[in-house]
Amino acid sequence: MIEFHLDTGTGVSPYMQIIKQVKRALRLGILNNGDQLPTVKEVVSKLVINPNTVLKAYRQLEAMGLAQAKPGIGTFITTSAPEVSPSSFLPLKIELQKWIDKAIKNGADLEIIEAIFQECLRQSDVEETA
Amino acid sequence: MNQVIEASHLSKKYRSKFALSDCNISIPKGHVVGLVGPNGAGKTTLIQIAVGLISTYDGEIQVLGGSPGKDSEHISKVGFVAQDSPLYNQYTVGDHLNFGKWLNPNWDQESALARIERLDLNMKQKVGSLSGGERAQLALTIAVSKRPELLILDEPVASLDPLARRTFLQFLMEDVASNGISVLMSSHLVSDLERVCDYLIVLVSSRVQLAAPVDELLLNHKRLICKRRSASELPNNVEVIEQSHTDTQSSFIAKVNGQIWNREIEEENIGLEDLVLAYMSTDKANLSSSKVRNLQRKK
């Protein structure tokens with residue numbers, strides 16, 4: 001069973017934090033297809049947060065197709081970790097490596113590289129949580 | 001009736017001073033609403049009007065679709081714990097539960113007893129000898145055991161240590177989860193509110209400065225950092241709430257509607273506490289967000 005935690009003061013809304021933690025757990029293989037998420041009441045009691053927050057997070061996970069609610073029982077994971085082996089990203093990685101070397105040669109430092117990367121992500125409309 | 005509290009042009013004047021002026025609030029059912037604001041902003045006045053303790057005011061307010069405190073049936077639907085959890089010191093915990101049972105038609109003695117047991121309170125103990133945390137928990141137990149639809153708490157955790165505060169809020173959130181009650185609570189502790197509230201009202205100098213769902217607030221509000229520029233030089237989907245400038249840099253706390261497509265402006269997330277403080281201080285600078293908005297439109 002996954003255990004959630006909460007950081008206040010980060011500006012990231014609590015429901016978003018729960019979604020991110022579920023996604024991370026899926027990536028890490030902590031959660032798998034068919035696993036039950038903690039009940040709303042369990043999360044409320046453990047984290048001392050508003051039940052609506054938990055409900056909202058679970059509903060969004062459902063909308064993303066990552067989980068399914070079974071009325072009266074709980075919410076269950078309906079997907080497994082993405083079946084991508086690290087090696088399938090190898091060509092992309094090599095290309096990116098070349099780009100980074102070129103960027104450094106042109107005088108870019110880590111911050112600039114990050115800024116460019118973030119901006120391109122935004123341009124491509126890659127959303128972190130949706 | 002989907003609004004638990006609906007106020008329009010609500011005002012309360014003490015002699016020549018407004019304790020509340022022209023408040024418009026509409027709180028939907030099922031929320032946990034945090035009420036924040038500096039001392040003397042009118043939080044307690046608003047709460048006392050909502051529970052029927054203050055009955056002369058201007059404007060209108062409906063609580064659960066009726067006038068506050070209009071009859072005993074209405075009163076039984078609203079649970080209230082005043083500041084500092086007032087209880088009868090010379091009576092025992094058990095006596096308090098009995099008072100609750102006699103006075104409230106829908107009293108749930110079973111859950112009250114279960115709760116006292118979980119809190120490890122002794123039914124024979126005099127209330128005067130309880131700790132601050134135990135007092136607050138007993139007051140909450142009584143307010144919840146009357147099975148209200150709406151629970152109103154005035155600074156419930158102000159005098160508690162962090163651990164007692166967390167336990168108190170844990171019980172409260174469990175009540176919300178299992179009974180679906182709506183809650184209005186005032187507090188100075190914004191970090192607590194960020195956890196437990198999904199709706200926030202900021203009251204400053206007797207006026208409602210802000211009333212919105214917490215998720216929306218966190219999503220829309222950003223800290224913007226850029227080379228020195230005036231607020232009017234920002235994109236027009238930005239509403240500035242607070243600004244500060246050095247000779248080279250400007251930073252703003254602002255409401256951003258949509259995206260800022262400007263690489264010269266850096267956006268950062270902002271926590272609820274900083275956001276609330278920004279709204280509280282707008283009034284001091286006599287620069288309400290609406291005024292800033294108007295200024296921007298003129299440009």
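The sequence lines fix the lettering, A, B, ..., with proteins before strands; numbering per chain opens at 1. Any value given below was found using the heavy atoms of this structure, including those in side chains, with hydrogens, waters and symmetry copies removed.
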statement: Honestly, the part of B:E194 sitting under 4.5 Å from a heavy atom of chain A is both
- prompt: Among B:L217, B:V183, B:D274, B:D215, which has the most heavy-atom pairs under 4.5 Å with chain A?
  reply: B:D215
- prompt: At a heavy-atom separation under 4.5 Å, does B:V32 approach chain A through its side chain, its backbone, both, or neither?
  reply: both
message: Under 4.5 Å from any heavy atom of chain B, what part of A:T10 do you find: side chain, backbone, both or neither?
response: backbone
task: Please say whether more than 12 non-hydrogen atoms of neighbouring residues, nucleotides or ligands are located less than 6.0 Å from CG in A:D109.
output: yes
query: Can you tell me if B:Q249 uses its side chain to pair, donor with acceptor, with the backbone of B:T246 under 3.5 Å?
result: no
Carboxylate-amine/guanidinium contact B:E266 B:K227, below 4.0 Å: no
task: Could you tell me which portion of B:I270 (side chain, backbone, both or neither) has an atom closer than 4.5 angstrom to a non-hydrogen atom of chain A?
output: backbone
message: I want to know whether B:F252 and B:H245 have ring centres closer than 6.0 Å.
response: yes
- request: Using distance alone, with no hydrogens and no angle criterion, decide if B:S251 and B:S244 have a side-chain donor and acceptor under 3.5 Å apart.
  value: yes
statement: So, the part of B:L275 with a heavy atom under 4.5 Å from chain A: the answer is neither
task: Using non-hydrogen atoms and a 4.5 Å limit, figure out which bit of A:V54 sits close to chain B: side chain, backbone, both or neither.
output: neither
statement: One option among B:L169, B:V176, B:D198 has the most heavy-atom pairs under 4.5 Å with chain A, and it is B:D198
- prompt: Do B:K146 and B:N106 have a side chain donor and acceptor closer than 3.5 Å?
  reply: no
- prompt: What option among A:V40, A:L47, A:L55 has the most heavy-atom pairs under 4.5 Å with chain B?
  reply: A:L47
message: salt bridge (Lys or Arg N to Asp or Glu O under 4.0 Å), that's the test. Do B:E174 and A:K41 meet it? Break it down for me.
response: CA-CA 7 Å; B:E174 288 175 12; A:K41 213 173 163 187; 5.4 Å; no
